[in-house]
Amino acid sequence: MLKLQRLKTNFYKQNTFKLARALLGKYLVRKIGKKTLIGKIVEVEAYYGPKDKASHASRGRTERTKTMFEKPGTAYIYMIYGMYYCLNIVTEKKEFPAAILIRALEPYCCHPEPSRRVATKSRHDSASASPRRAEPTMTEKLSNGPGKLCQAFKIDKKLNGENLISSKKLYLAKNPQEQISPSQIKKAKRIGVDYAGHYKHKLWRYYLKNNPFVSKR
DNA sequence: CCTGGGATTTTCT
DNA sequence: GAAAATCCCAGGA
């Protein structure tokens with residue numbers, strides 16, 4: 001059985017780039033009434049400071065971006081392309097705008113609606129080659145991208161500004177048994193930020209090697 | 001394999 | 001009025 005411990009204030013106080021790596025392998029927990037959705041974080045991107053041209057905060061504090069200036073451990077959620085939401089974890093000291101975009105999740109369990117088997121029978125995803133998944137669950141299909149995971153986990157602007165340290169609806173947790181080693185982490189350019197001048201080349205995307213839920217290699 | 005366009009609406013100039 | 005931290009699908013090589 002998966003034993004999860006909620007992540008506390010100190011976890012969020014790490015610098016943005018350390019925290020981005022530390023987020024890999026941690027769990028996003030979403031409670032909706034009596035139901036709980038859980039997904040392992042497998043891909044993230046860092047957006048750091050007012051000079052990062054790819055960051056919404058590069059043009060200062062606005063109605064939308066004010067959440068990025070909040071204290072670490074706050075959820076920053078915005079609408080993108082009129083159709084999707086994106087979930088970020090605010091980092092750094094209050095008043096310094098930085099956040100980490102959650103780009104992909106590996107669902108752990110429990111999309112209850114259709115009576116479908118949870119596909120991962122052998123659950124600790126070992127490094128060993130698991131043969132192809134039989135029936136992908138709904139969540140599996142729907143959480144391999146920043147917009148899709150918000151859809152699957154029913155995350156929208158109502159949760160913008162939520163404090164992940166105290167929230168009953170949305171938080172992060174770890175399985176103390178599970179450790180991610182640096183060799184499992186791959187660094188890459190961020191997606192969809194070609195407009196960002198030289199900041200578009202920054203290797204501020206991190207993902208778990210060989211994880212099938214990563215949005216792009 | 002890759003490239004390009006359309007959907008759709010909030011946000012900021 | 002233009003752009004956007006996306007996604008999906010169609011069409012070409």
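A, B, ... follow the sequence lines: proteins, then strands. Residue 1 opens every chain.
- The CE-C1' distance, from A/M83 to B/dT11, rounds to 15 Å in whole Å.
- Just one residue in the list A/K66, A/K71, A/R61 forms a salt bridge (Lys or Arg N to Asp or Glu O under 4.0 Å) with A/E95, and that residue is A/R61.
- Note on A/L101: a base of the nucleic acid sits closer than 4.0 angstrom, heavy atoms only.
- In this structure, A/R205 atom CZ and C/dA5 atom P are separated by 16 Å, rounded to whole Å.
- Linking ILVMFWY side-chain heavy atoms closer than 4.5 Å, directly or via other members, places A/Y84 and A/I41 in two distinct hydrophobic clusters.
- The aromatic ring of A/Y81 does not sit over the base of C/dA4; the criterion of centres under 5.5 Å apart with planes under 30° is not met.
- The separation between A/D194 atom CG and B/dT3 atom C1' is 13 Å, rounded to whole Å.
- The side chain of A/K200 contributes no N or O atom lying less than 4.0 Å from OP1 or OP2 of C/dA5.
- Shortest non-hydrogen contact noted between A/K209 and A/S183 is NZ-O, 3.0 Å.
- Between A/Y48 and A/F96, the two ring planes are tilted [angle within 30° to 60°].
- Counting non-hydrogen atoms under 4.0 angstrom, A/R103 reaches the backbone sugars and phosphates but no base.
- Closest non-hydrogen pair, A/K216 versus A/R205, comes out as O-NH1, 2.9 Å.
- The closest side-chain heavy-atom distance from A/T36 to A/V29 is below 4.5 Å.
- Between A/D52 and A/R190 a salt bridge is recorded (basic side-chain N to carboxylate O distance below 4.0 Å).
- In terms of position on DNA chain B, the residue among A/Y84 and A/K157 whose nearest nucleotide sits closer to the 5' end is A/Y84.
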Determine which bases of DNA chain C form Watson-Crick or G-U wobble pairs with both distances under 3.5 Å, and write the result as a 5' to 3' dot-bracket string with | for other-strand partners. ||||.|||||||.
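- Distance A/E63 CD to B/dT13 P: 13 Å, rounded to the nearest Å.
- Residue A/R59 has no polar side-chain atom (N or O) positioned under 4.0 Å from OP1 or OP2 of B/dT11.
- Between the CD1 atom of A/I80 and the C1' atom of C/dC7 there is a distance of 11 Å, given to the nearest Å.
- Across all strands shown, A/G147 has heavy atoms under 4.0 Å from sugar-phosphate atoms exclusively, and none from any base.
- B/dA7 atom P lies 17 Å from atom CE of A/M79, rounded to whole Å.
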